[in-house]
Structure formats: C-alpha cells, structure tokens
2 protein chains.
Amino acid sequence: MSKISISEKFNLFTEEWTPKIIAETNGQLVKIAKGSGELVWHRHENEDELFIVFKGHLTLQLRDGNIELGVGDMYVVPKGVEHCPLAEADTHFMMIEPSSTEHTGKLDLNVTVSIENQEWI
Amino acid sequence: MSKISISEKFNLFTEEWTPKIIAETNGQLVKIAKGSGELVWHRHENEDELFIVFKGHLTLQLRDGNIELGVGDMYVVPKGVEHCPLAEADTHFMMIEPSSTEHTGKLDLNVTVSIENQEWI
C-alpha cells in the first residue's frame with residue numbers, strides 16, 4: 001500500500017452522496033464523500049459512524065438537535081441514532097464505519113448506494 | 001456528545017509521543033498525538049493502525065521502505081508490520097486503532113504510554 005493523499009482522492013470524483021472507499025482498517029472502511037443539500041433520515045442499527053469534515057460545512061441533524069461540523073470537526077453518530085446529513089454546497093467529508101454499514105440504513109431509495117456499489121478509488 | 005474540534009484538541013496538550021483519546025467508535029479509539037524525532041521500532045500483532053497527519057511531516061519507517069506523510073496524508077500500517085514513526089519538529093497526527101492496541105507493541109520502554117495511562121481529553 002502507498003500513502004493516501006486525501007485531497008487527491010477527493011479530486012477523483014464529482015458525484016454527491018456517493019461514498020468512495022479509500023482504505024480498510026480492522027474491518028472498518030474509510031470512505032470519502034461530497035454532499036450538497038439534504039440526504040435522508042436514517043439510522044444504522046449496529047454501527048457507529050464517524051464523520052470528519054475536510055471542506056465546507058456539514059450539519060448532522062439529529063432528532064434532539066443539530067451537530068454543526070466545519071472544516072476539521074468530527075463527530076461519531078452512535079449506532080441506532082437517527083440522523084440526516086445536510087451539507088452546504090460542495091462539502092467534502094470522511095466517514096469511517098464497519099464494512100457492514102448500509103448507506104441509508106434499512107431504507108432503499110433512489111439516493112441509496114448499496115454496499116456492493118460503493119467503489120474503491 | 002458534542003462535536004469535536006480536532007485543532008482545539010491539539011491545543012490541550014504539549015507532550016510528545018503521548019497519545020490522547022478524543023473519541024470511540026465501534027470499539028476503536030480515535031487518538032491524537034504530537035511527535036518530534038523518532039519513537040521506536042515496534043509492531044501490533046493483532047491491530048491495524050491508521051495514521052492521518054494534520055501538521056508537519058511524519059515518516060513511517062517500515063523494514064521495506066519509508067512512507068512519507070505530509071498534511072492531509074494517511075496510511076494504514078497493517079497488523080504485524082514492524083514500524084518506527086519519525087516526525088519533523090511539532091508534527092501533529094491522528095491514529096485510529098482498536099482499544100486493545102499497545103503503544104509500542106510488546107515493548108515496555110521509558111517512552112511507552114500504557115493503555116491505562118492514555119488520557120481522554
């Protein structure tokens with residue numbers, strides 16, 4: 001394995017709300033994604049989900065309040081906690097989560113990218 | 001839990017080669033550390049170790065070559081792979097690793113910070 005430049009990886013795609021896998025560690029996948037606007041309310045029953053913002057601003061809407069993440073901020077959404085990401089235009093962020101984590105939890109929507117369709121870059 | 005500002009967490013300590021824990025996710029700990037110079041050759045038999053550099057330059061010396069990490073670069077040292085971190089002055093980096101990960105593997109040295117002495121900040 002070579003070193004990974006996170007910014008170079010962000011330059012390899014343009015799709016929004018489409019996680020790209022850049023590394024694996026201890027059964028968890030390191031993914032990066034771009035987003036604008038709102039994804040969808042969902043929860044991961046068995047997986048915590050770590051977010052780190054690299055560009056823009058990401059609001060993690062939770063049922064009991066919003067978590068506001070600017071560049072260099074992180075947050076772990078605990079397993080079972082419903083959340084809905086809301087991003088400023090062209091926000092870039094990282095997620096680290098077990099390989100079993102479904103993109104939009106139990107929901108299979110137009111915006112959903114299934115595990116098998118999440119691409120390594 | 002509130003959001004975590006990674007840069008604010010780095011402002012909370014000055015010790016070098018002394019991992020501080022800032023979050024837990026899926027049984028893994030998110031740690032940050034500062035380093036200058038060389039730590040020690042060691043390996044983690046059962047744990048992959050993810051590094052992301054936030055300031056300075058970190059060389060991960062491996063037995064078959066060096067991995068050079070600048071700001072925004074990451075690398076996963078696979079379990080069982082011997083490595084020795086070497087940092088430019090005042091380098092800041094993050095590690096994500098299982099909570100079972102010993103600081104310097106099986107070695108217990110003056111520089112070793114045992115799991116029970118790794119502080120949450």
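Labels below follow one simple rule: chain letters A, B, ... track the order of the sequence lines, proteins then strands, and each chain is numbered from 1. Remember, predicted model here, so these are calculated numbers, not experimental data.
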J.: Name the region of A:Ile6, side chain, backbone, both or neither, that has any atom closer than 4.5 Å to a heavy atom of chain B.
T.: both
J.: Got a donor-acceptor contact below 3.5 angstrom from the A:Glu47 side chain to the A:Glu97 backbone?
T.: no
J.: Using non-hydrogen atoms only, which part of A:Val30 is less than 4.5 Å away from chain B: side chain, backbone, both, or neither?
T.: side chain
J.: Go through A:Ile22, A:Ile4, A:Thr25, A:Asn26 and name the one with the most non-hydrogen pairs under 4.5 angstrom from chain B.
T.: A:Asn26
J.: Looking at B:Asp90 and B:Ser36, what are the two nearest heavy atoms and their distance?
T.: N-OG, 2.9 Å
J.: Given a strict heavy-atom distance threshold of 4.5 Å, which part of A:Ile52 is in contact with chain B: side chain, backbone, both, or neither?
T.: side chain
J.: Aromatic rings A:Phe10 and A:His92: how do their planes relate, parallel, tilted or perpendicular, breaks at 30° and 60°?
T.: parallel
J.: Would you call B:Lys79-B:Glu49 a salt bridge at under 4.0 Å N-O?
T.: no
J.: Could you please spell out the steps behind the side-chain contact (heavy atoms from CB on, under 4.5 Å) verdict for A:Lys34 and A:Phe93?
T.: CA-CA 6 Å; A:Lys34 300 181 177 182; A:Phe93 58 99; over 6 Å; no
J.: Tell me, for A:Glu24 versus chain B, whether the close heavy atoms (under 4.5 Å) come from the side chain, the backbone, both or neither.
T.: both
J.: Pick from A:Ser2, A:Ala23, A:Gly65, A:Ser7: which one has the most heavy-atom pairs with chain B under 4.5 Å?
T.: A:Ser2
